[in-house]
Structure formats: structure tokens, C-alpha cells
Amino acid sequence: MSFPLLTATAVLPALGAVATAAVPAARRTAAKWLALIASLATLALAIAVVVRFDPGGARYQLTESHAWISAFGVRYELGVDGIGVALVALTALLIPFVILAGWHDADPLETGSRRWRPTQGFFALILAVEAMVIISFEATDVFLFYIFFEAMLIPLYFLIGGFGDRAHEHGEETASTQRSYAAVKFLLYNLAGGLIMLAAVIGLYVVAGNFSLTEIAQARANGSLHMATSTERWLFLGFFFAFAVKAPLWPLHTWLPNAMGEATAPVAVLITAVVDKVGTFAMLRFCLQLFPEASKWATPVILVLALISILYGALLAVGQRDIKRLIAYASISHFGFIIMGIFAMTSQGQSGATLYMVNHGISTAALLLVAGFLISRRGSRLIADFGGVQKVAPVLAGTFLIGGLATLSLPGLAPFVSEFLVLVGTFTRHPAIGIIATFGIVLAALYTLVLYQRTMTGPVKPEVSAMPDLRVRELVVVAPLIVLLIFLGVYPKPVADIVNPAVKQTMSDVHQTDPKPAVEAAK
């Protein structure tokens with residue numbers, strides 16, 4: 001039997017989580033190094049997955065299938081297509097940076113405080129989330145996917161509520177209350193979506209008789225499984241609602257600004273750059289593949305909701321006073337672009353959406369982590385408390401600027417290619433939606449440049465006059481992400497070559513072809 005590579009990529013961080021949690025309380029540094037080593041080993045396995053994956057081969061590769069709950073047709077089935085490979089690699093890439101960036105976030109509080117922050121628990125929870133996200137990208141059994149789709153909420157709940165940002169202007173007691181509120185809101189929203197999805201999962205089993213994604217999709221394609229129109233639409237809505245909450249799509253987005261605002265910067269990266277991608281990924285893998293006709297039926301409404309997310313998120317980002325909440329609303333806008341690209345039902349739109357998932361993860365991680373370093377130095381998240389930082393910490397300011405420019409999709413940086421493809425793909429089939437969505441680019445430039453101007457330029461405020469520049473550990477975190485943003489902005493082909501065949505297969509699932517150009521090219 002060949003080595004179960006996909007299982008190993010999920011089991012290794014899970015074992016790392018258990019081992020990290022078991023380190024004695026006095027050995028905090030050992031726990032950190034153990035977590036980092038586990039994440040780097042997982043990255044090595046993810047690289048092996050990328051190397052072994054053949055973009056021109058079968059749709060799902062490196063497959064594993066074992067009996068699990070035979071009485072209900074549940075199997076332990078794993079497999080990755082190009083989209084899954086890209087997102088497994090993104091997750092494994094970002095977690096070591098998350099761990100390094102949060103190296104001191106769970107250390108004991110200052111002398112005089114009675115509250116102890118369990119360092120081992122913090123890093124163990126991060127590894128647990130990584131394991132559950134990776135297996136969600138690999139699962140081809142619907143029930144197996146559902147279990148980990150829901151289970152990842154538990155460690156995230158504790159990461160948000162138990163390890164919140166120390167930079168809070170209202171004191172520890174108020175901060176603790178707001179962290180608890182953000183964690184409970186995150187949990188309730190996502191549990192509500194998950195419960196509705198559970199009903200749809202059960203309904204799918206009643207109709208199909210099993211949970212295997214590949215078997216159900218094949219039966220639908222060859223006509224041996226027929227769903228009534230109303231049944232397919234209800235099942236689609238059950239799945240889509242859960243994924244829209246996770247994504248997050250307006251108006252189911254309101255948990256995200258609270259969660260990102262109250263979490264530490266590395267945990268905020270974990271939420272928006274890693275976990276939220278499960279929602280958009282699942283729209284491609286499950287909604288479009290299992291319910292193609294219902295997906296086309298719902299497309300007009302979903303495109304309008306995505307457009308509202310783009311403009312609403314960007315407008316609210318412009319008016320924010322809190323740095324992390326600004327980035328949270330910017331992410332809502334970006335997820336609107338991703339969902340718009342998925343449901344544009346064009347190969348350019350879906351390729352752009354998949355690339356956007358990867359590039360948004362890298363750019364948001366870079367911006368949020370540098371923002372976290374900035375906030376920890378000043379002890380405040382408020383934009384008004386900064387000014388003139390570029391004069392005292394030029395490297396910090398420079399990396400912050402590059403992260404911000406990537407967020408507004410500046411040409412030459414990775415997100416530009418994604419956003420361009422999404423807009424082109426949307427415009428060819430839905431020109432009005434594509435035209436209106438371009439205003440999101442203008443608003444992105446506004447909130448990004450205003451943020452940089454207010455924090456980094458102008459007179460040096462006394463409170464930041466002694467601010468140190470990025471340290472070696474912080475440079476190790478930020479520099480590779482900046483390099484990736486530039487490399488993928490200039491040469492996105494390595495990722496595009498992996499995801500494009502999977503996108504073509506998804507287009508085939510929904511029986512769509514790209515519209516012909518309105519004006520034929522001159523011969």
C-alpha cells in the first residue's frame with residue numbers, strides 16, 4: 001500500500017498539537033519550538049503533495065478510501081484536485097509564519113497580573129485548526145467534510161475568547177468582555193450555518209444513498225441519480241448558507257470584524273487567510289459539483305450579494321478607526337470578489353477566484369502580521385494613535401506599504417492578477433455586475449492609502465518616537481510573504497497551471513462554456 005500522504009498532512013499537525021499541549025508548563029519555549037517544527041514538517045509534506053500532483057492527470061489524485069461507518073455509507077475518503085492542492089499548500093505555508101509571529105502572544109502577562117496565558121494551549125490550538133482545515137480541503141466524503149468543517153470552530157472559539165489582543169483602550173475587564181462576545185458570536189453564527197448544512201447533508205443521503213462526492217457526482221452526470229428541481233434547490237441552499245457564513249458573504253458577515261478585532265493578529269490571519277477559505281472552496285467543490293442546476297438558478301441573487309459585499313465591505317473599511325477592523329472589512333470586500341468569480345460561471349472568473357483565495361491569503365497575512373507588530377509596539381489599535389512611523393521604523397513602514405498595495409491589487413503584486421481575471425470573467429457574462437464591482441477597486445485604494453498616510457506619514461507622534469524597527473524574527477515572518485507577493489504578481493503561472501484543469505472540470509459540472517466575444521478578433 002502506498003504511503004497515505006494526504007492523511008499524513010492532516011495527522012502530523014494533529015499529533016503536533018497533542019505533543020505541544022503535553023509539554024510541561026515551565027517549558028514554554030520548548031512548546032513553541034515543537035509547534036514550529038511540526039508546522040514545518042507539515043509544510044514539507046504539503047510540498048510533497050504539490051510535487052506528486054499531476055495537473056494533467058485524474059481529477060482527484062493521491063486518493064485514499066477506507067470503510068468507516070458502513071451502516072450509513074460513511075467512508076474515510078480523501079483526494080485532491082488542483083484547487084485543493086493549492087489551498088493545502090497555502091495553509092501549510094502560512095501556519096509557520098503564524099506561529100513565529102505569535103511567538104510571545106501567549107506568554108505570561110506583565111508582573112502584577114494574576115492571569116496566566118497557557119502558552120502550550122495557544123500553539124496546540126493553532127496546530128489543531130491547521131489539521132482540521134487541511135483535511136477539509138482533502139475530504140471527498142461529504143459527511144467527513146462536515147465533521148471537520150464544524151469541529152474547527154471549537155479551537156477557534158478558544159483562540160478568540162482566551163487569547164485576545166492585549167492592545168485595548170478600555171482596559172482588561174472590558175477587553176475580556178468584548179473577546180467573549182466576539183468568540184460567542186463567531187461560534188453561534190457558524191454553528192447556525194452548520195446545523196442547516198447538517199439537515200442538507202442528511203437530505204442528500206436520503207436522495208443519493210451515500211455520502212461519496214465522486215459517486216454522487218458521477219451518478220448525476222450519467223443520469224442514474226435524478227433529483228427533483230425543488231429538492232436540489234433546497235439542498236443547495238442548505239449547503240450554500242453554511243459556506244456563505246464561513247466565507248463570509250453579506251449579510252452573514254457580521255461575526256468577522258468582531259472576531260478579527262479581538263483576536264491576536266496571528267489568530268486573525270488564521271481566521272481570514274486560512275479558515276474562511278474553506279467556505280469559498282466548498283462552494284466550488286460541493287455546491288457546483290453536486291447541485292449544478294440549482295447553482296445556475298441561484299447565480300443572479302448570489303452575484304448581487306457578492307457585489308453588495310464588495311462595496312459594503314470597502315465603504316465600511318474607509319470609515320474605520322481600528323486598524324484590524326479596517327482589514328476585516330477589506331477582507332469582506334475581497335471575499336465578495338472571490339464569490340463573484342465563482343458564480344460568474346466562466347473559466348476566467350473561477351480561475352481568478354481560486355487564485356484570489358491563494359493570493360488573498362498571502363497578502364492579508366503580510367498586512368495583518370505587520371499591523372500586529374505595529375500594534376504591539378504602540379499598545380493601541382486606533383489609527384489616530386499613530387503618525388510618522390516611517391521616520392522611526394522605515395522597514396516596518398515599507399513592508400506595511402507593500403502589504404497595503406497588495407490589498408488594493410496594485411499591478412505587479414499577486415492579487416492584481418486574481419482580481420483582473422475575476423472582473424474580466426464576470427464582465428463577459430454579467431457586464432453590469434462587472435462594471436459596478438470595479439468601484440470596489442477605487443474604494444480599496446482609498447482605505448489603503450488613507451490608512452498608510454495616517455499611520456506612517458506626517459509628524460512623528462511622541463508615543464511612537466522610540467518605536468523600534470522590525471526585529472530578525474519579524475523579518476523572517478514578513479520577508480518571504482513579500483517575496484511571494486512580488487513573484488506571483490509577476491509570474492502566476494505555477495499556481496495557474498495547477499488550478500486551471502480543475503476549473504475546467506468544474507465548468508463542465510455545471511454545463512457551462514465561456515461566452516464568445518461580442519466582437520470577433522480580426523483575422
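What you see below is based on every heavy atom in this structure, not just the backbone, and it leaves out hydrogens, waters and symmetry mates. The residues of the chain are indexed from 1 along the displayed sequence. Just so you know, these numbers come straight off a predicted model, no measurement behind them.
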Note to self: Ring centroids only, cut at 6.0 angstrom: are Tyr329 and Tyr447 within range, meaning strictly under it?
What the structure shows: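 That pair fails the under 6.0 Å test.
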Note to self: Can you confirm whether or not the ring centre of Tyr312 sits under 6.0 Å from the ring centre of His253?
What the structure shows: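 Yes; His253 has its ring centre under 6.0 Å from that of Tyr312.
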Measure the shortest side-chain to side-chain distance between [X] and [Y] over non-hydrogen atoms and say whether it is less than 4.5 angstrom.
X      : Y      : result
Lys32  : His104 : yes
Leu303 : Met340 : yes
Tyr356 : Leu421 : no
Asn190 : Leu156 : no
Ile310 : Phe337 : yes
Val278 : Phe137 : yes

Item checked: Identified ring-ring contact (aromatic ring centres under 6.0 Å, His included) counterpart of Phe243 within the set Phe149, Phe291, Tyr146 ->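 Among Phe149, Phe291, Tyr146, the one that satisfies the ring-ring contact (aromatic ring centres under 6.0 Å, His included) with Phe243 is Phe149.
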Spacing of [atom1] belonging to [X] relative to [atom2] belonging to [Y], to within rounding of 0.5 Å:
X      : Y      : atom1 : atom2 : result
Phe158 : Leu125 : CZ    : CG    : 8.0 Å
Leu256 : Arg325 : CG    : CZ    : 9.5 Å
Lys185 : Trp255 : NZ    : CH2   : 11.0 Å
Lys246 : Ile271 : NZ    : CD1   : 10.5 Å
Thr399 : Leu475 : OG1   : CG    : 7.5 Å
Phe439 : Leu446 : CZ    : CG    : 14.0 Å

For [Y], is there any backbone N or O sitting under 3.5 Å from a side-chain donor or acceptor partner on [X]?
X      : Y      : answer
Ser309 : Trp250 : yes
Thr272 : Ala268 : no
Thr20  : Ala17  : no
Lys324 : Ala371 : no
Arg233 : Ala298 : no
Arg378 : Phe386 : no
Asp469 : Leu396 : yes
His334 : Thr407 : yes
Thr426 : Leu423 : no

Note to self: Going by side chain to side chain contact (heavy atoms under 4.5 Å, CB included), Leu488 matches just one of Leu355, Ile362, Leu413. Which one?
What the structure shows: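 By the side chain to side chain contact (heavy atoms under 4.5 Å, CB included) criterion, Leu488 pairs with just one of Leu355, Ile362, Leu413: Ile362.
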Item checked: Test applied, side chain to side chain contact (heavy atoms under 4.5 Å, CB included); reference residue, Ile342; option that passes from Ile302, Thr506, Leu288 ->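 Of Ile302, Thr506, Leu288, side chain to side chain contact (heavy atoms under 4.5 Å, CB included) with Ile342 is met by Leu288 alone.
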Margin query: If I compare all heavy atoms of Ala139 with all of Leu144, which pair ends up nearest, and what's the gap?
Written below: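 It is CB-CD2, 3.9 Å.
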Notebook entry, point to check: If you look at every heavy atom in Ala14 and Ala131, which pair is closest and at what distance?
Noted result: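 Looking at all heavy atoms of both residues, the closest pair is N-CB, 3.8 Å.
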Item checked: Enclosure of Arg454 CZ (heavy-atom neighbours >12, cutoff 6.0 Å) ->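 Count not over threshold, so no.
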Under 3.5 Å donor-acceptor pairs involving side-chain atoms of residues 90-103, not counting sequence neighbours:
from	atom 1	to	atom 2	distance (Å)
Thr91	OG1	Leu87	O	2.9

Note to self: Over 60° means perpendicular and under 30° means parallel, so tell me whether Phe236 and Phe343 are parallel, tilted or perpendicular.
What the structure shows: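 Geometry flag for Phe343 against Phe236: perpendicular rings.
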Notebook entry, point to check: Which of parallel (below 30°), tilted (30 to 60°) and perpendicular (above 60°) describes Tyr452 and Phe400?
Noted result: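 Ring orientation, 0 to 90° scale: parallel.
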Next item on the list: Run the salt-bridge test on Arg381 and Glu262 with the 4.0 Å N-O cut-off and return the result as yes or no.
Entry: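 Looking at Arg381 and Glu262, the cut-off is met.
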Next item on the list: Answer with yes or no whether the side chains of Thr254 and Tyr189 bring together a donor and an acceptor at under 3.5 Å.
Entry: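 Result is yes, a qualifying pair exists.
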Item checked: Polar contact flag, side-chain donor to acceptor under 3.5 angstrom, Ser39-Glu130 ->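 Distance-only check fails for Ser39 and Glu130.
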